[in-house]
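Report on the structure given below.
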Amino acid sequence: MNNVDEYIESFSDKRKDLLKQLRQIIKETIPEVEEKISWGVPTYYYHGYLLQIAGNKNHVGFYTTPTTLTYFKEELKDYKTNGKNTMQISLHQEIPTQLIKKMILFRVKENTQ
C-alpha cells in the first residue's frame with residue numbers, strides 16, 4: 001500500500017465503511033493532521049505520532065496511547081481494549097463519534113504540551 005486511500009479500498013466489507021468513518025472523524029477533528037502509511041496501516045501525525053487505524057479480521061482498530069485508554073477507561077467499557085494502546089470496534093458496533101473525537105483531542109493535548 002502506498003497511500004491511505006488504497007489501504008481503505010483494499011477492504012470490501014463493513015471494515016471499509018468503519019475505516020472511512022474513522023478517517024473522516026480524524027480529518028474533521030484536526031484538519032491539519034498529516035496522514036500516511038506507516039507500519040503498514042494509516043498513521044496520523046500532529047506534532048509527532050498521534051494515532052493509527054487498521055482493519056482486522058473481526059474488528060477495526062483505533063491505536064492510541066496507554067494514557068488515553070486509562071483516561072477514557074469508563075467510556076471504553078463497551079469496547080475491547082488491550083490495556084496498552086488499542087481500542088477495538090467490532091464490525092457490529094457503531095463508531096462512537098464523540099468518544100473518538102475526545103480521544104483525538106486528548107492525544108493532541110499530549111503532543112502539544
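Nothing here was measured: the structure is a model prediction, and the numbers come from that model. For the single chain, residues carry numbers from 1 onward in sequence order.
- Counting heavy atoms from C-beta on, the side chains of Tyr44 and Ile53 come closer than 4.5 Å.
- Using a 4.5 Å heavy-atom cutoff, the side chains of Leu99 and Met87 are in contact.
- Residues Thr68 and Glu110 are in side-chain contact: their nearest non-hydrogen atoms beyond the backbone lie under 4.5 Å apart.
- The OG1 atom of Thr97 sits 4.0 Å away from the CD1 atom of Ile25 when rounded to the nearest 0.5 Å.
- At a threshold of 4.5 Å between non-hydrogen side-chain atoms, the residues Asp5 and Arg23 count as touching.
- Tyr46 and Tyr63 fall into different hydrophobic clusters, defined by Ile, Leu, Val, Met, Phe, Trp and Tyr side-chain heavy atoms under 4.5 Å apart, directly or through other members.
- Between the CD1 atom of Ile95 and the CD atom of Gln24 there is a distance of 11.0 Å, given to the nearest 0.5 Å.
- The neighbour count for Glu32 CD, taken as heavy atoms of other residues, nucleotides or ligands under 6.0 Å away, is above 12.
- Interatomic distance, Leu18 CG to Ser90 OG, rounded to the nearest 0.5 Å: 8.5 Å.
- Using a 4.5 Å cut-off on side-chain heavy atoms (C-beta onward), Thr29 and Val108 make no contact.
- For Tyr71, the OH atom is loosely surrounded, since the number of other residues' heavy atoms within 6.0 Å does not exceed 12.
- Annotation: the span from Ile26 atom CD1 to Met103 atom CE amounts to 11.0 Å, rounded to 0.5 Å.
- Of all non-hydrogen atoms in Ile89 and Glu94, the two that sit nearest each other are CG2-O, 4.2 Å.
- With hydrogens and angles ignored, the 3.5 Å screen pairs no side-chain donor or acceptor of Asn56 with any backbone N or O of Asn58.
- Proximity of a side-chain donor or acceptor of Tyr7 to a complementary backbone N or O of Gly40 within less than 3.5 Å is not detected.
- In terms of heavy-atom proximity, His47 sits nearest to Asn111 at O-ND2, 3.6 Å.
- The side-chain heavy atoms of Asn85 and Leu51, taken from C-beta on, include no pair separated by under 4.5 Å.
- Taken to the nearest 0.5 Å, the NE2 atom of His59 stands 7.5 Å off from the NZ atom of Lys80.
- At a threshold of 4.5 Å between side-chain heavy atoms, the hydrophobic network of Ile, Leu, Val, Met, Phe, Trp and Tyr places Ile8 and Ile104 in one connected group.
- Heavy atoms only, all atoms of each residue included: Trp39 and Gln52 are closest at CE3-NE2, 2.9 Å.
- Separating the CG atom in Leu91 from the CD atom in Gln93 is a distance of 9.5 Å, to the nearest 0.5 Å.
- Using modelled atom types, one side-chain atom of Thr43 and one backbone atom of Val41 make a donor-acceptor pair closer than 3.5 Å.
- Ser38 places none of its side-chain heavy atoms less than 4.5 Å from the side chain of Tyr49.
- Looking at Tyr45 and Leu50, their side chains never come closer than 4.5 Å, going by heavy atoms from C-beta outward.
- By the rule that hydrophobic residues join a cluster once side-chain heavy atoms approach within less than 4.5 Å of another member, Phe62 and Leu69 end up as members of one cluster.
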